Amino acid sequence: MSIRSFNLIKRNYSQSNSKFFVTTPIYYVNASPHIGHLYSSVIADALYRWQQVLGAGKFKFSTGTDEHGSKIQQAAHKNNTNPSDYCTRVSSDYKRLSEVFSISYTDFVRTSDEEHKKCVHKFWNVLKNKGKIFSSKYAGWYCISDESFLTESQLKEKVGPDGRKTIISGESGHPVEWIEEVNYMFPLGSLQDDVKYWLRSENAVRPAKFQKILLDMVSKGPLPDISISRPASRVHWGIQVPDDETQTVYVWLDALVNYLTAAGYSHASLHQIWPPSVQVIGKDILKFHGIYWPSFLIAAGLDPPLSILCHSHWTVDGEKMSKSKNNVVCPFQRSEIYSSDGLRYFLLREGVAHSDGNYSDTKVIRILNSELADTLGNLLSRCCGTALNPHQTFPKIEASAFESVASSDVTKKLIEDVATLPDVCMGHYSNFNFYKAVDRVIATLHQANLFFETFKPWELKKESAKTRELDVVLHLTLETLRVCGILLQPIIPNIASNLLNKINVARERRTFSDAKILSWDDTNFVRKELAKDKTLLFKRIVLEGDRKKTKQ
RNA sequence: GGCGGCGUAGCUCAGCUGGUCAGAGCGGGGAUCUCAUAAGUCCCAGGUCGGAGGUUCGAGUCCUCCCGCCGCCA
């Protein structure tokens, strides 16, 4: 069965398509959420919100938790509870992550849900009926902790205190043992050409670095058959293989089907939303999503995803994040200091998909204070203060006064920046370059501050003959804030909402089209009242004992 | 060992297709302003673009070799 037979037309899904389906990985419940989990969710949420800024449609955003496997059995036992209760508890932490950080998912899938089991069974039977599952005796080195078969190159020898040698996983350090057993197998090699073809399409995997890694993997020689079940005697917390109670479905097959579960695989609605538009993943699970997953899908006669966005990891103060180093960054704890939008901003502003980011609290504080409190928040305050804006309005402007102000080079630059900003952001968001989009927005806000400084409205205020020019300065600056606010909604939804509320932008006027219609071109513009509340977009972060040097 | 990715100012990045032999933000220093979230604006310092060689009138950008980091495979 050839992949060429189905529709892989290159398309820019960032346009206002009728449908959009974005996914995060489902998070393994062996541990609480950390900054890396948040990063995946925030990226997916930004993509989802951007789609909404572009326009209405049938959208779906799935996330969830991966709850099966022997590690969960062990973790539950360690916590003196059963796997089901244990999973419910930790899964609720991931739901809380989404709630705290405004992750606007539509579907939360738990692999222990009955609906998911139905989908896994259905998928299994489809693969089986297509002759893609066969039973075979399998022998190899097996790591119980990691629940994986390993090749000999992945092993190391370890000498114990008594001089005895044991074989361990080279990667995790956990012990391995030689196992011979009967498992169900899947012929990865039979889909290799199709997967290679899919990988070569332009947007299949982004950034290109990860696309090349995958192409390298599938171009090296035939892919092996892989085991897709485990004996139930060893792994009983999972989904039973249909019609064979002695085997449990391999956790990766189980987990990957969650995306189908979210899309309505067990009932007829799947094709209303399938295939996924973007699947967001971390680089540690690249092989499963970039080779296994499309192989399974193609074998089952389903389209692979239109795009996989693979992001890199976060180091912490230059070191890999790990429990043993005790440097795992807890997003809940950090959000209490930096706010949820603040943490979102930092991750999307500082993170680039192609290389590891470095998390540092010093950097977080500096970026948030400089850009959210100062550049953005202070600019709003300059416009809304009663000294310059006693009537608390977003004023209408007179054409002659506008022309007078617009003749300045600084004003021309600002108007050009604001006019081109929506399309520039469109380009960057479409290519998943959030940091470039944010960079342009911040640059535009700097230009607005320069414009404000150039025209010195606090001096215009003193001359009654210059009141109309003062209105123009306030108007242009508030309009810049309005456009920037619309474009920042995917990044900092709450701060953007507060900003747009303050300048009285109607909720239904916060779309990409609204960002393109500029007030000085809008003959129907009506003077707007600013909201009465004293809006503080972002409170500057000051740590105890950290006293800023006062300037003279 | 083979293959792939990366290496640009203290930090994070831009600089795609060879052409002011280099920019931005943050951080640092100075000046100035007072509308404003003690904010804004301006100026300055910081660069062997990992190293060496080559192609070219001209290379951060192309080629070769070497060094370092990361990943995959053996």
Side-chain angles (χ1 to χ4, degrees), chain A residues 151-155 170-171 207-221 223-224 283-284 286-287 290-291 310 312-315 317-318 320 346-360 362-390 410 427-428 431 433-462 470 473-474 477 481 495 498-499 502 534-542 547-552:
Chain A
T151 64
E152 289 193 3
S153 66
Q154 293 172 292
L155 305 179
E171 187 175 312
K209 162 182 174 176
F210 295 112
Q211 180 183 33
K212 286 175 181 175
I213 290 171
L214 289 167
L215 277 168
D216 192 60
M217 285 177 184
V218 298
S219 303
K220 277 309 197 34
L223 294 174
K283 68 181 185 182
D284 54 317
L286 176 65
K287 186 178 71 178
I291 298 183
C310 181
S312 297
H313 289 169
W314 287 90
T315 58
D317 294 319
K320 277 189 178 183
F346 174 78
L347 292 175
L348 293 171
R349 172 74 167 107
E350 272 295 289
V352 299
H354 57 266
S355 64
D356 287 352
N358 181 39
Y359 180 95
S360 150
T362 300
K363 289 207 298 182
V364 175
I365 293 168
R366 284 174 173 173
I367 284 167
L368 298 186
N369 281 343
S370 171
E371 298 183 4
L372 294 187
D374 296 351
T375 305
L376 172 62
N378 183 57
L379 183 59
L380 181 63
S381 290
R382 295 176 100 178
C383 296
C384 298
T386 55
L388 295 184
N389 196 339
V410 172
H428 291 322
N431 287 299
N433 289 319
F434 303 108
Y435 69 105
K436 287 184 176 178
V438 175
D439 185 71
R440 295 322 306 156
V441 171
I442 293 300
T444 302
L445 290 171
H446 275 299
Q447 188 64 26
N449 271 298
L450 174 60
F451 165 81
F452 212 85
E453 191 73 22
T454 300
F455 281 89
K456 301 186 189 333
W458 54 93
E459 290 185 2
L460 296 180
K461 171 104 172 90
K462 295 170 184 172
L470 168 58
V473 172
L474 290 175
T477 309
L481 284 162
I495 290 172
N498 291 339
L499 166 57
K502 177 66 178 178
K534 296 207 170 198
T535 299
L536 187 71
L537 290 188
F538 189 84
K539 183 177 162 69
R540 163 175 276 277
I541 302 158
V542 180
R547 222 186 265 166
K548 188 167 183 196
K549 183 179 181 182
T550 53
K551 297 177 180 180
Q552 306 230 339

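What you are looking at is a predicted structure, and each value in this text was computed from that prediction instead of being measured. Both backbone and side-chain heavy atoms feed into the values below; hydrogens, waters and symmetry mates do not. Lettering follows sequence order; numbering is per chain, from 1.
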Nearest listed nucleotide, side chain of A/E371, among B/U41, B/G25, B/U12: B/G25
Would you kindly give the CG-to-P distance between A/D439 and B/A24, to the nearest whole Å? 12 Å
Taking the six-membered ring for Trp, are A/Y359 and A/F346 parallel (under 30°), tilted (30 to 60°) or perpendicular (over 60°)? perpendicular
To the nearest angstrom, how far is A/K456 atom NZ from B/C33 atom C1'? 7 Å
What is the distance, to the nearest angstrom, from the CE atom on A/M217 to the P atom on B/C3? 17 Å
Using Watson-Crick geometry (N1-N3 plus N6-O4 or O6-N4) or G-U wobble (N1-O2, O6-N3), each under 3.5 Å, B/U17 is paired with none
Short side-chain to backbone donor-acceptor contact, A/D356 and A/H313, under 3.5 Å: yes
For the pair made of CZ in A/F434 and P in B/C13, what is the distance, rounded to whole Å? 16 Å
Picking from B/U12, B/G40, B/U37, which would you name as closest to the side chain of A/N449? B/G40
Looking only at atom P, what distance separates B/A24 and B/A14, rounded to whole Å? 16 Å
Indicate yes or no: at least one non-hydrogen side-chain atom of A/F538 is less than 4.5 angstrom from one of A/N369. yes
A/L372 CG to A/K539 NZ distance, which is reported to the nearest 0.5 Å: 14.5 Å
Rounded to the Å, how far apart are A/L368 CG and B/C26 P? 13 Å
On a whole-Å scale, what distance lies between the C1' atoms belonging to B/A74 and B/U12? 37 Å
Less than 4.5 Å apart, side chain to side chain, heavy atoms only: is that true for A/V473 and A/K456? no
Under 3.5 Å, side chain of A/T375 to main-chain N/O of A/S370, donor-acceptor pair present? yes
What integer distance in Å separates A/L286:CG from B/G4:C1'? 13 Å
Between A/L481 (CG) and B/A36 (P), how many Å, whole number? 16 Å
Tell me the partner of B/C6, counting only Watson-Crick (N1-N3 plus N6-O4 or O6-N4) or G-U wobble (N1-O2 and O6-N3) with both under 3.5 Å; none if nothing fits. B/G68
Look at the side chain of A/E453 and decide which nucleotide, out of B/U41, B/U37, B/U12, has an atom nearest to it. B/U41
Check this one for me: any side-chain N or O of A/T375 less than 4.0 Å away from OP1 or OP2 of B/U37? no
Any donor-acceptor pair under 3.5 Å linking the side chain of A/S312 with the backbone of A/A353? yes
Determine the Euclidean distance between corresponding P atoms of B/C33 and B/A9; express it in Å to zero decimal places. 36 Å
Reckon A/S370 has a side-chain N or O less than 4.0 Å from the OP1 or OP2 of B/C26? yes
Please report the distance separating the C1' of B/G29 from the corresponding atom of B/C66, rounded so that it comes out in whole Å. 40 Å
Watson-Crick/G-U partner (both atom distances under 3.5 Å) of B/G28: B/C44
Under-4.0 Å side-chain N/O to phosphate OP1/OP2 contact, A/H446 with B/U41: yes
Separation between the C1' atoms of B/U8 and B/G51, rounded to whole Å: 15 Å
In whole Å, what separates the P atom of B/G28 from that of B/G54? 43 Å
For B/G4, measure the glycosidic angle (O4'-C1'-N9-C4 for a purine, O4'-C1'-N1-C2 for a pyrimidine) and name it syn if it falls within 90° of 0, otherwise anti. anti
Ranking B/U37, B/C13, B/G40 by distance to the side chain of A/A373, first place goes to B/U37
A/D374 side-chain proximity, nearest of B/G27, B/G25, B/G40: B/G40
Describe the nucleic acid contact of A/K320 in one word from base, sugar-phosphate, nothing, applying a heavy-atom distance below 4.0 Å. sugar-phosphate
Minimum-distance nucleotide (side-chain atoms of A/L450 versus B/C3, B/G5, B/U41): B/U41
B/A14, OP1 or OP2 - any side-chain N/O from A/Y435 closer than 4.0 Å? yes
Using a cut-off of 4.0 Å on non-hydrogen atoms, how would the nucleic acid contact of A/L537 be classed: base, sugar-phosphate, or nothing? base
Separation of the C1' atoms in B/C62 and B/G23, to the nearest angstrom: 22 Å
Separation of B/G10 atom C1' from A/R366 atom CZ, nearest Å, is 9 Å
Can you figure out which of B/C3, B/G25, B/G15 approaches the side chain of A/R349 most closely? B/G25
Looking at B/C35, B/A36, B/C13, which one has an atom nearest to any side-chain atom of A/S355? B/C13
Counting heavy atoms from C-beta on, name the nucleotide in B/U41, B/A38, B/U12 closest to the side chain of A/K363. B/U12
Just by distance, do the side chain of A/K363 and the backbone of A/N358 share a donor-acceptor pair under 3.5 Å? yes
With rounding to the closest Å, how many angstrom separate the P atoms on B/G15 and B/U20? 16 Å
Complementary nucleotide of B/U56, counting Watson-Crick and G-U pairs under 3.5 Å: none
Judged by nearest nucleotide, the residue sitting upstream toward the 5' end of RNA chain B, A/K436 or A/F452, is A/K436
